[in-house]
Amino acid sequence: MTQYRLTPLAQSLPATVPFVGPEAQERQLDRVFDARLGANENVFGPSPRAIAAMADTGHWMYGDPESFDLRAALAAHHGADMGNIVVGEGIDGLLGYMVRLFVEKGDAIVTSDGAYPTFNYHVAGFGGTLHKVPYKDDHENPEALFAKAAEVDAKLVYLANPDNPMGTWHTGAALARAMNLLPQGTLLILDEAYVDTAPEGTALPLDWSDPRVVRMRTFSKAYGMAGARVGYAIGAPELITAFHKVRNHFGMNRAGQEGALEALADTVWHRDVVAKIDAARQRIAEIARQNGLAPLPSAANFVAIDCGADGAFAKRVLDGLITRGIFVRMPFVAPQNRCIRVSCGTPENLDAFAAALPEALRDAKRG
Ligand SMILES: Cc1ncc(COP(=O)(O)O)c(C=O)c1O
């Protein structure tokens, strides 16, 4: 056999991942990063209770394909019904299921230009046609997104609140008002990955069963469990039931399920970590200002720093940081790409960033 019979769509797609992982960069640089501040992980880690639960897990057993205990705990936590919730392999996995359920070749889908790219990757994988709406003043623009959805008869519109890569956010009340513009027949995927680190009032204040929206949450950010791959979608029961048509039934590993249960229960640890993330945001902003740069206000676990020039300049700053052992990332698209994006780190991580930034800037200015 000389030719695999891939679908024409698969043949047309590049073999890629939306991000180059820090591990790949470390292999290329032949060194380990001193500070891993590029992937919006939570360096403060999971609750010790979650760590103990994951260590005690019987790995020889499959996870419960219904994630029953975790869904029950999440339902109680959110004042929702279990039928409102499906657990999956992180938001990334759930976005894949959503797209698989909704998107056929040529279907119109709307997102922001430069928004979280994993969604786009899934849409491309099912042959959807992406329509991209520009950011407005470094914010995703719900009104423009919903107007575009009406114009192209989109099946899905994707919006992250707070946003990655800029860290900006809308109040839940403003978003609920904007949803009056959401056309009939368009479903809003509201990615609330960072809502736990956002000010009170950022979450969408609508009924969990509102059929116009599905909300995505994760244990990867404030709960510090990115490597365990636990996320969940909350929406109307009819929509949640549809996930069971396509999802990977043993995709959830038992350790992740049990760790997430403990992480959710350990409210003291959670509160403490959210406070540490806030302190780190302030420190990153301070380091930026000390170097004459402008930090953007952030509700997420990272801060976008405006480097004050174009994308090429920000890329030189980024490269200078990377060669000095500081892993950071930057937005892909202008004008957001005038920024670098720095994830919250430990005080030691941020000391290393503070030491490297002036040198990286000096080199970047030399061109
Ligand atoms: C907006 C947004 N959504 C989803 C994710 C990924 O979440 P998960 O780890 O649950 O797949 C990220 C991670 O950076 C993100 O920034």
Side-chain angles (χ1 to χ4, degrees), residues 18 40 91 95 98-99 102-103 106-124 126-195 198-199 201-206 210-217 233 235 239 294 296-300 302-304 306 310-311 314 330-339 341:
N40 298 344
I91 292 179
L95 288 173
M98 275 298 295
V99 172
F102 280 82
V103 179
D107 283 343
I109 308 296
V110 171
T111 188
S112 304
D113 195 13
Y116 186 60
T118 303
F119 179 67
N120 305 3
Y121 170 85
H122 289 307
V123 172
F126 286 93
T129 302
L130 267 176
H131 298 266
K132 295 181 180 174
V133 169
Y135 278 56
K136 184 179 171 195
D137 300 330
D138 296 323
H139 289 68
E140 292 201 50
N141 184 345
E143 288 82 5
L145 285 165
F146 302 159
K148 177 58 83 178
E151 179 193 322
V152 300
D153 189 22
K155 281 187 163 176
L156 301 173
V157 54
Y158 172 85
L159 168 66
N161 190 48
D163 168 62
N164 177 14
M166 305 310 274
T168 51
W169 69 104
H170 299 279
T171 66
L175 215 49
R177 273 195 304 280
M179 279 178 64
N180 293 327
L181 302 172
L182 192 68
Q184 280 253 335
T186 300
L187 178 66
L188 169 62
I189 302 178
L190 180 60
D191 182 336
E192 295 185 324
Y194 299 101
V195 80
T202 304
L204 185 70
L206 295 181
D210 191 313
R212 298 172 298 168
V213 57
V214 59
R215 275 161 273 193
M216 303 274 178
R217 302 276 181 103
L239 176 64
L296 271 64
S298 172
F302 59 86
V303 176
D306 185 340
D310 60 4
M330 64 183 285
F332 299 102
V333 169
Q336 296 95 283
N337 68 356
R338 69 191 192 284
C339 298
R341 193 198 67 186

Using modelled atom types only, decide if a donor and an acceptor are shared between the side chain of [X] and the backbone of [Y] within a distance under 3.5 Å.
X	Y	answer
N180	R177	yes
D137	H139	no
E192	L204	yes

Taking the side chain as every heavy atom from C-beta outward, state whether [X] and [Y] have any atom pair closer than 4.5 Å.
X	Y	answer
V333	Y135	no
V99	I109	no
S112	L145	yes
H122	V103	no
L206	R215	yes
L175	L190	yes
P199	W169	yes
E140	N161	no

Euclidean distance, [Y] [atom2] relative to [X] [atom1], rounded to 0.5 Å:
X	Y	atom1	atom2	value
L182	R212	CG	CZ	7.0 Å
L95	N120	CG	CG	10.0 Å
Y116	I91	OH	CD1	7.5 Å
L239	D210	CG	CG	11.5 Å

Minimum heavy-atom distance [X]-[Y], with the two atoms named:
X	Y	answer
L156	T186	C-CG2, 4.2 Å
G114	P165	O-CD, 3.4 Å
N337	A314	O-CB, 3.3 Å
D153	A108	O-CB, 4.2 Å
P211	L187	O-CD1, 3.4 Å
P142	A178	CB-CB, 3.9 Å

Exercise. In terms of ring plane angle, is the pair F119 and Y158 parallel, tilted or perpendicular, where the classes change at 30° and 60°?
Worked result: parallel
Exercise. Between K132 and T111, does a side-chain contact (heavy atoms from CB on, under 4.5 Å) hold up when you go through it step by step?
Worked result: CA-CA 5 Å; K132 295 181 180 174; T111 188; 4.1 Å; yes
Exercise. Stepwise, does the side-chain contact (heavy atoms from CB on, under 4.5 Å) test hold for R341 with N164?
Worked result: CA-CA 9 Å; R341 193 198 67 186; N164 177 14; 2.8 Å; yes
Problem set entry | Short N-O contact, D138 and R338, less than 4.0 angstrom | yes
Exercise. Hey, would you say the F126 and F102 ring centroids sit under 6.0 Å apart?
Worked result: no
Problem set entry | E151 and H131: CA distance, side-chain angles, deciding distance, side-chain contact (heavy atoms from CB on, under 4.5 Å) verdict | CA-CA 10 Å; E151 179 193 322; H131 298 266; over 6 Å; no
